[in-house]
Amino acid sequence: MAKRGEGCLRLILGDQLSDGLSSLRDVDPDRDVVLMAEVMSEATYVRHHQQKFVLVFSAMRQFAERLREAGVRLRYVRLDDPANTHSLNGEVLRALAEDAFERVVVTEPGEWRLAQAFEDLAHMAPVPVEVRPDDRFICSRSRFEAWAKDRKELRTEFFYREMRRATGLLMDGDKPAGGQWNFDPENRKRLPKGKRVPARQRIAPNATTQQVMAEIAARFPQNFGTLSAFNYATNGEEAHQVLDHFITHLLPEFGDWQDAMARGEPLMWHAHISAAMNIGLIDPLDACRQAERAYREGVAPLNAVEGFVRQIIGWREYVRGIYWLKGPTYKASNALGADRKLPEFYWSGETDMACVRDVVETTRDHAYAHHIQRLMVTGNLALLLGVHPDEVNDWYMVVYADAFEWVELPNTHGMAIFADGGVVASKPYAASGAYIDRMSNYCGGCAYDVKDRLGDKACPFNALYWDFLDRNSERLEKNLRLAMPYKTLSRMSDGDRAAIRAKASKTREALGATVRA
Ligand code: DLZ
Ligand code: SF4
């Protein structure tokens with residue numbers, strides 16, 4: 001292909017499908033070759049949901065085709081290629097052995113696992129390996145480190161304000177639009193009876209997607225998830241269709257119902273663009289600017305637009321900064337000593353708990369659930385049960401199409417189960433059934449009674465919640481944000497507390513959250 005001393009070999013990963021990617025910016029179509037590889041090492045480091053495979057492989061193939069059409073030389077290795085070495089490093093070394101290049105160029109990957117692998121590659125490769133920053137993120141790793149240095153406590157709100165200033169998003173001069181940085185308290189409304197969730201356009205699987213669906217169904221039939229309801233954008237045009245539809249039709253009400261949940265309605269008013277954004281089909285800053293235009297033109301109110309922008313330049317950037325700041329050992333922490341197994345119904349959905357059943361079914365059929373379903377239903381239950389962080393992290397990595405470790409780990413390990421002891425969240429997001437009842441229509445159709453704590457039909461969240469606080473009081477009772485529940489707990493008699501402990505213990509066993517061997 002290339003002659004000795006010529007050109008660069010540019011490796012593009014399955015979540016780097018962006019036109020403006022740093023490793024593609026100076027591509028020379030006459031001399032360079034772009035390498036993309038479907039490999040078993042990436043297909044098996046977690047047992048991905050079937051829809052995640054389809055999303056990534058279909059999007060990789062279409063992105064490669066676009067590059068080809070633009071005149072770029074491609075070396076695209078398919079999963080079924082007999083010469084495939086099935087690791088990314090293996091494919092780079094194979095390409096280097098077959099053709100001469102002066103350098104390998106890659107944009108930094110989204111996971112420690114691969115960052116370390118590329119360091120190994122630099123030792124093994126006969127030519128230099130240049131790893132470039134991933135500037136699709138607004139805040140570079142070094143900028144985040146500089147921001148975090150010397151701060152006693154990392155607070156997402158202060159980081160978010162800095163990002164607002166840095167980008168100029170929703171700023172009027174040096175003041176936040178509307179005179180307020182954050183409208184979160186206006187974004188927690190419960191869905192009133194009769195309020196209809198808007199219908200969604202379906203992205204019909206295109207020809208490449210259909211082809212990949214057939215391959216995945218044949219090759220990974222045992223992996224979690226169904227394929228029939230696949231509804232992901234797999235190229236830039238489709239992704240922008242979804243984003244445009246959201247901005248015009250859903251964003252205006254997104255703010256109000258951001259935290260609400262309803263049976264059979266995984267999308268609600270959510271944009272459903274996280275997977276497309278995380279593999280590079282939508283630029284985060286462009287999406288925020290488009291949302292801001294909707295506000296400036298009077299199409300969407302400030303609380304909705306601010307909420308959307310905050311999720312992206314506040315939270316998304318923040319968790320990515322934390323992931324790299326805390327290093328590869330971050331996931332080994334287990335601040336609450338959680339030591340139980342993940343119940344089987346996280347995979348099967350077979351449980352009488354209507355909320356959990358709905359979220360698992362949604363997850364199975366769409367590789368998606370929205371943030372409150374992930375945090376306050378499945379995450380909250382794992383926290384209260386004391387499920388070991390490895391099992392929780394693995395589940396979230398497997399089941400969601402948008403899960404890459406840089407985003408999954410801080411959200412799960414830190415935010416949902418407090419295994420990092422308070423790096424990401426200032427308190428555990430523990431809640432009883434009353435929270436779920438307030439924010440959803442699940443409890444009305446449930447076999448359990450959300451108002452009961454100790455009876456046979458008592459909602460499992462209730463005893464588990466009080467027992468969680470009781471079990472972890474040494475560690476948590478001084479936390480000011482938990483002062484109210486600890487005050488309530490302190491008013492309970494020893495007998496009440498013993499009854500809660502016994503009920504919680506029975507519940508953990510009944511749900512299959514037994515102690516790990
Ligand atoms: C998720 C994924 C899968 C399933 N397969 C591939 C692959 O075969 N080749 C590839 O380049 N990327 C794949 N990916 C995405 C990578 O796992 C992702 O780039 C890293 O986890 C870093 O975030
Ligand atoms: Fe979930 Fe409890 Fe409500 Fe049932 S009663 S839906 S288990 S919160």
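Only a predicted model underlies this, so the values are computations on that prediction, with no experimental measurement involved. By convention here, the first residue in the shown sequence is residue 1. Each ligand, and each atom within it, is numbered from 1 in the order the structure gives.
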Among protein heavy atoms, which sits nearest to [atom], and what does the distance come to when rounded to 0.1 Å?
{"atom": "atom 1 (Fe) of ligand 2", "answer": "Cys355 SG, 2.4 Å"}
{"atom": "atom 16 (C) of ligand 1", "answer": "Glu42 OE1, 3.3 Å"}
{"atom": "atom 23 (O) of ligand 1", "answer": "Asp15 OD2, 2.5 Å"}
{"atom": "atom 8 (O) of ligand 1", "answer": "Val39 N, 2.9 Å"}
{"atom": "atom 2 (Fe) of ligand 2", "answer": "Cys459 SG, 2.3 Å"}
{"atom": "atom 3 (Fe) of ligand 2", "answer": "Cys443 SG, 2.3 Å"}
{"atom": "atom 4 (Fe) of ligand 2", "answer": "Cys446 SG, 2.3 Å"}

Polar atom proximity, His48 to ligand 1 (N or O, under 3.5 Å) |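 No.
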Taking both backbone and side-chain atoms of Lys52, is any N or O found less than 3.5 Å from an N or O belonging to ligand 1?
->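 No - when backbone and side-chain N and O of Lys52 are compared with those of ligand 1, no distance drops under 3.5 Å.
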Nearest non-hydrogen atom to atom 20 (C) of ligand 1 belongs to which of Leu11, Leu114, Val54?
->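 Minimum heavy-atom distance to atom 20 (C) of ligand 1 goes to Leu114.
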Look at atom 7 (C) of ligand 1 and find which of Ala37, Gly14, Ala43 reaches it with the closest heavy atom.
->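 Going through Ala37, Gly14, Ala43 one by one, Ala37 has the nearest heavy atom to atom 7 (C) of ligand 1.
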Mode of Val56 contact toward ligand 1 - side chain, backbone, both, neither (heavy atoms, under 4.0 Å) =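 Val56 to ligand 1: side-chain contact only, backbone stays beyond 4.0 Å.
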If you measure from each non-hydrogen atom of Glu405 to ligand 1, which part falls under 4.0 Å: side chain, backbone, both or neither?
->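 The answer is neither.
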Can the positive tip of [X] be found less than 6.0 Å from the middle of the six-membered ring of [Y], inside 45° of the ring normal?
{"X": "Lys326", "Y": "Tyr323", "answer": "no"}
{"X": "Arg141", "Y": "Trp112", "answer": "yes"}
{"X": "Lys341", "Y": "Tyr346", "answer": "no"}

So, are [X] and [Y] salt-bridged, with charged N and O less than 4.0 Å apart?
{"X": "Glu405", "Y": "Lys331", "value": "yes"}
{"X": "Arg374", "Y": "Asp402", "value": "yes"}
{"X": "Glu509", "Y": "Lys506", "value": "no"}
{"X": "Glu38", "Y": "Arg78", "value": "no"}
{"X": "Glu215", "Y": "Arg61", "value": "yes"}
{"X": "Arg136", "Y": "Asp19", "value": "no"}

Do Asn206 and Gln62 have side-chain heavy atoms sitting under 4.5 Å apart?
->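 With C-beta onward as the side chain, the pair touches.
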Applying a strict 4.0 Å limit to heavy atoms, is [X] in contact with ligand 1?
{"X": "Trp406", "result": "no"}
{"X": "Leu88", "result": "yes"}
{"X": "Met60", "result": "yes"}
{"X": "Met36", "result": "no"}

Element-labelled atoms of ligand 1 that are located less than 4.0 Å from some non-hydrogen atom of Phe57 =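 Selected atoms, number and element: 5 (N), 6 (C), 7 (C), 8 (O).
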Heavy-atom contacts with Val450 under 4.0 Å: which atoms of ligand 2 show up? List them by number with element.
->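 That gives atoms 5 (S) of ligand 2.
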Under 4.0 Å from any heavy atom of Tyr448, which atoms of ligand 2 are there?
->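 Selected atoms, number and element: 5 (S).
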Once the angle between the rings of His272 and Tyr232 is folded into 0 to 90°, is it parallel (under 30°), tilted (30 to 60°) or perpendicular (over 60°)?
->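 Judged by the thresholds at 30° and 60°, the geometry between His272 and Tyr232 is tilted.
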Is the Tyr396 ring parallel, tilted or perpendicular to the Tyr400 ring (thresholds 30°, 60°)?
->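 Correct class here is tilted.
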